[in-house]
Colleague: 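The structure follows.
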Amino acid sequence: MQRAHLVAAFLTFAALCVGVSALSVSRDRHATLDQARREFSATAHLLDEHASRAIEAGDAQLRMLLDALERWDRRDPAEGRRIQAAMRARAERLPQVGGVWALDAQGRLLLDAAEHPAPPRDLSARDYAQAHMAATQGPPPGLHVGSHLPGPSISQGRFTISRALRGEDGTLLAIAVAGIQNSYFSRLYGEAGWGEGARLALFTGAREKLAEWPPDSGVEPPAAAWPQPWDPPDGPAVVEDTRITAARMLSGLPVVVVASRPLSEILVPWRERAAWTAAISGGILAGASLLFAFALAGAGREEAVRAELLRANQSLDERVRLRTAELERALRSAETASLAKMKVLATVSHDLRQPLQGLAAFHELLLKEAPNPTLRQLGAMASASLQAGQRLLDDLLTLSRLEAGVVPVEAGALPLAPLLEQLAAELRAEAEAKGLRLTVMPTAAWVRSDPARLQPILRNLLSNAVKYTAHGGVVVGVRPRGDTVRVEIWDSGQGIARAELGTIWEEFYQIGNPARDGSRGAGLGLSIVERTARLLGHPLDVRSRVGRGSVFAVTLPRVPAPAVPPSSAAPCAAEPAPPVRSAGRLSGRRVLVVEDDPLQRNSLTLLLEQAGAGVMAADSFDSALASAQATLQAPSAILSDYRLPGGTDGLSGIQTLRGILGRDVPAILLTGELSADLVRAAKAAGCLVLTKPAPPNRILSALAELTAGADAAA
C-alpha cells in the first residue's frame, strides 16, 4: 500500500469517526427527548385516570346526597340527622373528600357533614352556588368544578364539585357540594418520584389552578401544550420553552391535568453518554493515529508480508476445505447409520410386541385347559422364554429412545436410603439363594435426580453384582464428596480385566458369555445404564481386579434434606400381579374389543369369554359402533389397540365412541408403543395404558377393577 493511500485512509477514517460520533450523539438526544415525551404523555394519562377516579368518587357521594335530599321530609329532624351521619361516614371513607354540604334553593346552608344542625350561613355568593342558581335558561349544568376554597396555600385548600337537585319543571330545589382536598393530589404526586424538577398540577377549563406539586411551586398553565377541542385525547408531550409538558383534559370533566419536567434534568443522562462517546471517539482516533504512524513506518515491508500471507492463507483454506468436507461426509454417514439403527430397533420392537400379545393370551388359555403336569411344566418354561423375549424388546426400545433423545427427565430431591433398601429387598432372595451377604450401609443423604431414571441404573448395577458373584457378598454404600455423593456397589465376584473396562458399556457385550447364553441377558443392561446416566448428568466409573471383585459407582449432586421430608421420596416397586382365577371374574360384563389383527382379536375374545365376559369384537370403531347400536347395549368397558386402520387411533376412537354413547365408558389402551406423550394423553382422557405383551392376568385384573362398580345386569 502506498503512502498516499495510507494518508487517504486515515483521513477518511477520522472523518467517519467524527461524523458517526456526532450523528450518534444527535440521534441519542432525539431519542432521549422522544422517550421523555412518551413518558410524560403516560404520566399525564396516569394523572388523568387518578384525578378522574378521585372526582368521580366525590361525584358518586353527591349523587347519593341528592337522592337523600329528594326523599327528605324536612319536618322530621331525625331524618336530617341520619342524612348528616351518612354523609359524614361516607366522606370519612374517601381521603380526597374534605367535606360535604348542601344548600337550599336560595344558597343558604341546609346540611353539613361536619355538624348538625348546620349553622345559618349564606353561601349564595360562592361560585358553585352562582353556577347552579344562575342557570335559568338553557340546559342546567351537570357536575360543576369550582375554584379552590380559602386556605393557607393552594396545596392546603380544597376545590369544589357540585350538582343541583331540580324539580320536574326545572326548578332549583337544592345544591349538593363536596370539597376535594388539594393535599390529596399533592401528597400522591410527591410520592410518585418523577424527579426533582417535575411539576404536576390540576387546572379548571378556565385555567384556574386547583392543585399542584411541589406545593406552592407556582405552576402556570401551559400555552402550547394546553389541550384544544380538536386535539386527540392521547396527544404527545411537547417541548415548551425549557420544559417538556404534557396536558390532558379529563373525559367528561372540565379539568386539565398538566405534567412537565425541565429539559436540563431530562438530558442529564444524554450529556453523560455524549461525554463518553466523545472520549471513546478521541481514544479511537488517538489509537488510529498511532497505528497510522506504525503503518507508514512499515509500508515498505507490508506488501511482501501480505503476499506471503496470501499464499499461505490460500493453501490453508484449501486444506481446511478438504478436511471439512471429509468430516462432513463422515458425520453424515454416522448420523445415517445411527438413525437407521434406531428406526430398525423401534420398528422391530413395536412389531414384535403384536404377535407376542396373542401368544401370551393363547399360552394362558392352554395352561388353564391343560391338566397334564408335564404340559404345565412345559408351559411354565414357555412363559419364562416369553418373558425373556419381552425383556429383550423392552431393552431394545429403551436403548433406541435414549439414542433418539426423547426420554423425558423430571429431576427432584429424594433420599437415597428408601431407594437402596427397596432395591436390596428385591434382590435379597436371589442373593441368599446363592449364599451371598447383601448389605446396604445406612445413609441420610439426599440427592437431586429423576427417581424414575435413577432406579433402573442402580437396579441394573446391583443385579449384575449379585449375578456375577459366586461367593462372599455385595455391599452398597454412599460416600459424600463435597457437593456430591458417590453411590458405590462393591462385590467379591470374578472381576473384570483392565482391557475390558472400556467395552463393558457397549451394546450386546458380555464378559464370559461367548456362546450368548440367553438366560444371562442380551448384554444391553450396562449400555442402557451408561446412556441413562449421561442423560441425567451422573458420572459413572468402575474399578476392578480379576479374581477379587469390582466397584461400580454413580456420582450424584447432593442437596440438603428438607425440614419436613415427604412420606416417600423413592418410587415404589411395581407389585407383582396376584394370581387370579379367570373363570367368572368378569361375569355379567360386556367388553368391547377393538383390534384389527384377527389372531390377537380372537385370543383376547377367548380369554375374556373364559373369564365370564360377554365380548363384542370389532376390527374398527365404526364396526364397534354398529354392533353397539344393533344390540342396543353399551359396553361395560373398552379394550382397544392404539394403531388401527383408516387413520384412526385407539385413543381418539374411544373418545368418539364415548361421546356417541353419552357415557364415560372405562377404557384400556393395549399398545406396543412406549411413548411418554401417549401415556400423558391417555391419562388426560381417563384411559389405562397396558404395554404389549401384557400378562393375561393383568388384563383381566385391570378390567375387573375398572368395572367393579358396574351393574352386571345392565
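The model shown is predicted, which means the values in this text are computed figures rather than measured ones.
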Colleague: Which atom pairs, donor and acceptor, lie under 3.5 Å between side-chain atoms of residues 659-666 and protein residues at least two apart or in another chain?
Modeller:
unit_1 : atom_1 : unit_2 : atom_2 : d
D664   : OD1    : R658   : NE     : 3.3
D664   : OD1    : R658   : NH1    : 3.3

Colleague: Which residues pass the side chain to side chain donor-acceptor pair (under 3.5 Å) test with D450, not counting sequence neighbours?
Modeller: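 Partners of D450 by the side chain to side chain donor-acceptor pair (under 3.5 Å) criterion come out as none, since no residue qualifies.
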Colleague: Between E530 and R534, does any NZ, NE, NH1 or NH2 come within less than 4.0 Å of an OD or OE carboxylate oxygen?
Modeller: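 Yes, this pair counts.
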Colleague: Are R486 and D541 within salt-bridge range, i.e. N to O under 4.0 Å?
Modeller: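 Yes, this pair counts.
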Colleague: Under 3.5 Å, is there a donor-acceptor pair between the S652 and D649 side chains?
Modeller: yes
Colleague: Can you tell me which residue among R590, E609, R601 is in a side-chain contact (heavy atoms from CB on, under 4.5 Å) with V615?
Modeller: E609
Colleague: Which residues pass the side chain to side chain contact (heavy atoms under 4.5 Å, CB included) test with E49, not counting sequence neighbours?
Modeller: H45, L46, R53
Colleague: Do S701 and N697 have side-chain N/O donor and acceptor atoms under 3.5 Å apart?
Modeller: no
Colleague: May I ask you to check whether over 12 heavy atoms, not counting those of R323, lie within 6.0 Å of atom CZ?
Modeller: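 Open.
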Colleague: S449 and H538: side-chain donor and acceptor closer than 3.5 Å?
Modeller: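 Result is yes, a qualifying pair exists.
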Colleague: Test of understanding: with side chain to side chain donor-acceptor pair (under 3.5 Å), list the residues that count as partners of T656, not counting sequence neighbours.
Modeller: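 Side chain to side chain donor-acceptor pair (under 3.5 Å) list for T656, sorted by chain: empty.
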Colleague: Just to verify, what does T484 make a side chain to side chain donor-acceptor pair (under 3.5 Å) with, not counting sequence neighbours?
Modeller: none
Colleague: Excluding sequence neighbours, so at least two apart, what forms side chain to side chain contact (heavy atoms under 4.5 Å, CB included) with V559?
Modeller: A413, W446, R448
